[in-house]
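Structure first, then comments.
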Amino acid sequence: MDPNGSIDDKCESRLYIGNLDLRITEAALLKMFSPFGKIVSEDFLWHTRGPKRGEPRGFAFIQYSKNEEAKLAMEKMHGRLACARPLVVRLAGEKYMLETADNSTKAAGEGHKLHLTGSGMGQTSRSAKIAAIKNKLKSLEEGSRTKKQKQNDDIS
């Protein structure tokens, strides 16, 4: 919790930057994103074990001092080419929520993908997130019922 008493403010000023070319350095990343506001933290992720140890993982996180700065950076940098690769820039907490919502709609047998609202950058509404969670629960309940029925049929 920050001094203002808000947990969500931190999430809305922290950006996930993905699809980074391995030639992009921390310094280059900071140089690309600093025009949009004051960067208070930066996490450039590296492989810590295995054959790629010490190499960049291809994504990073940047935290701005204000939500507005993060949103401006997201709007301006999402899709922008860096070393011939389009950057993926979104709020840090969105990736997990989008994957969860998308997986639950697939699991529920619905043929459509989750439609995103807002600026087209992957922001889902609260009601869409709730609906995705409900669909996931429903699919899990249906899956457990069919397994029980199969077991009962096999026993008979």
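Hydrogens, waters and symmetry mates play no part in the numbers below; they use all other heavy atoms, side chains included.
The main-chain N or O of K66 is found under 3.5 Å from a side-chain atom of E69 such that the two form a donor-acceptor pair. Here the side chain of H47 pairs no donor or acceptor atom with the backbone of G54 at under 3.5 angstrom.
Between the CE atom of M74 and the CD1 atom of I17 there is a distance of 11.0 Å, given to the nearest 0.5 Å.
At a threshold of 4.5 Å between non-hydrogen side-chain atoms, the residues M32 and R80 do not count as touching. For the pair Y64/I39, a side-chain contact is recorded, criterion being any heavy-atom separation below 4.5 Å from C-beta on.
With sequence neighbours left out, the side-chain hydrogen bond (donor to acceptor under 3.5 Å, both in side chains) criterion links S41 to no other residue. Listed by chain and number, the residues in a salt bridge (Lys or Arg N to Asp or Glu O under 4.0 Å) with R23 are D21 (sequence neighbours excluded).
The minimum heavy-atom distance linking G79 with P86 is given by the pair O-CB, 3.8 Å. The two residues L29 and A60 have their closest heavy-atom pair at CD2-CB, 3.5 Å. What you find for P56 and L22 is that their closest heavy atoms are O-CD2, 3.4 Å. The nearest pair of heavy atoms linking L20 to R85 is O-NH1, 3.6 Å. Contact record, N67 with S13: OD1-CB, 3.4 Å, taken as the closest heavy-atom pair.
Sorted by first and then second residue, the salt bridge (Lys or Arg N to Asp or Glu O under 4.0 Å) pairs involving residues 27-45 (not counting sequence neighbours) are R14-D43.
Cluster membership check: V88 shares its hydrophobic cluster with L45, using side-chain heavy-atom separations under 4.5 Å among Ile, Leu, Val, Met, Phe, Trp and Tyr. Tracing side-chain contacts under 4.5 Å through hydrophobic residues (I, L, V, M, F, W, Y), one reaches W46 starting from L30; they form part of the same cluster.
Of the residues listed (Y16, F36, F33, F44), the one engaging I62 in a side-chain contact (heavy atoms from CB on, under 4.5 Å) is F33, and it is the only one.
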**OP:** Tell me, with the steps shown, if H78 and R90 meet side-chain contact (heavy atoms from CB on, under 4.5 Å).
**Re:** CA-CA 7 Å; H78 181 75; R90 63 178 160 238; 5.7 Å; no

